[in-house]
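Reviewing the structure listed below.
Start at 1 and go down the list; that is how both ligands and their atoms are numbered. Remember, predicted model here, so these are calculated numbers, not experimental data.
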Amino acid sequence: MIPRHRPWEEAAEFTIGLKPIAPACWLEGGEADPAARKDPLFAASRALVWAEAPGSRAGQAEVLALIDDALGPAPARGDLPPLYAAARRVPDDLCLLETRDGQWRLTALSLCAGSFFTAEAAIGKSLAELHGPVTGFAERFLARVQRIFDGLRPGLVLERRNWTVLNSAALHTPASAPIRAGIGGIDPERAGRLLNLRVERQTVRRLPATGAALFTIRVWLAPLESLAGDPARLAAFARAWRSADPDLRAYKRFDLYDGLVEGFLRKAET
Ligand code: HEM
């Protein structure tokens, strides 16, 4: 199965790349029972996948109402926090941001497919703090991203995609160390099967009643070898892999995968 989104075919660069989409296309769906995946994590690893700040329940309730509106009414959900009740209806992770002390900050999040970050580490952080580890973000992107949040009008839904390559087929990847520790043991012959394209489809929109913003993250995974057999598709990926911006290449640790990816490309290109 090739990944549903292939952002490297549109731009070899990692950019802000936010585009308006029709509100009817906001939720992609495509997972039969997200609660079956999320509930065990919520029960067993709560701090990794869920956090809320005091004063966020009104914004959370507005998200739940929006999702119930989009999907139709849901069965009773006990006393779950409203944002988590909403998150278990959709494949996406849901992040609520509100202005606190003049900064957009995460005030609640359900994060069951986090890419090397956790709910407990992210809660309360500003856009600047969240992106602190991303090389070059403060200089190149931060001011624009803050302006985008400030200027969001209700009814406007913006979408962006990003991607990476990871030696994991799991959606729940809170920590990088155990995953990266396995790279050295990968048989180059099996790289196409063991390395996964990891694409995040993200949306952001303003909530009209509370003025909060909702950021959604949906992760799509597909083995690298799904690109083989289609020369144009393979060439677009190879171009993006090889020409990725050095800052983001370094941040995403493409260097750790270079030998395996290049070996896969050489074999697939012949
Ligand atoms: C619409 C607003 C946002 C924009 C335009 C944006 C943009 C970016 C960009 C350009 C990167 C660098 C690499 C890439 O392309 O992924 C990045 C990384 C990241 N962003 Fe954002 N961001 C936004 C909102 C958020 C929010 C609200 C969160 C918190 C939940 C967040 C968390 C992260 C994390 C954790 C990374 C590192 C991802 C990784 O390890 O690959 N971002 N963001």
- Query: So how far is it from Lys19 NZ to Arg160 CZ, rounded to the nearest 0.5 Å?
  - Reply: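 Spacing of NZ (Lys19) from CZ (Arg160) equals 11.0 Å.
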Where on [X] is there a heavy atom closer than 4.0 Å to ligand 1, on the side chain, on the backbone, on both, or on neither?
X      : answer
Arg160 : side chain
Thr164 : neither
Leu18  : side chain
His131 : side chain
Leu111 : neither
Cys95  : side chain
Phe215 : side chain

- Item | Donor-acceptor contact present, side-chain Arg193 to main-chain Glu189, <3.5 Å | no
- Within the side chain of Asp92, is there an N or O that forms a donor-acceptor pair under 3.5 Å with the backbone of Leu94? no
- Stacked cation flag Arg6 on Trp8, 6.0 angstrom / 45 deg: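 That pair does not qualify as a cation-pi contact.
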Considering only heavy atoms, which of [options] lies nearest to [atom]?
atom                    : options                        : result
atom 3 (C) of ligand 1  : Leu96, Val204, Ile123, Val145  : Val145
atom 2 (C) of ligand 1  : Phe117, Phe137, Phe149, Trp163 : Phe149
atom 36 (C) of ligand 1 : Asp93, Ile217, Val134, Asp245  : Val134

- Message: I need the minimum non-hydrogen distance between Ala113 and Arg198, along with the two atoms involved.
- Response: O-NH2, 3.2 Å
- Looking only at heavy atoms, what is the nearest atom pair of Lys38 and Ala87, with distance?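 Scanning both residues, the minimum pair turns out to be NZ-O, 2.8 Å.
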Show me which atoms of ligand 1 lie under 4.0 Å from any heavy atom of [X].
X      : result
Leu248 : 12 (C), 13 (C)
Ser115 : 40 (O)
Ile16  : 5 (C)

- Query: Under 4.5 Å between any side-chain heavy atoms of Leu265 and Leu234, yes or no?
  - Reply: yes
- Message: Quick check: Tyr251 and ligand 1, any N/O pair under 3.5 Å apart?
- Response: yes
- Arg46/Glu120 salt bridge by N-O under 4.0 Å criterion: no
- Query: Salt bridge or not for Arg253 and Asp255, using N-O below 4.0 Å?
  - Reply: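 Here Arg253 pairs with Asp255 in a salt bridge, since their nearest N and O are under 4.0 Å apart.
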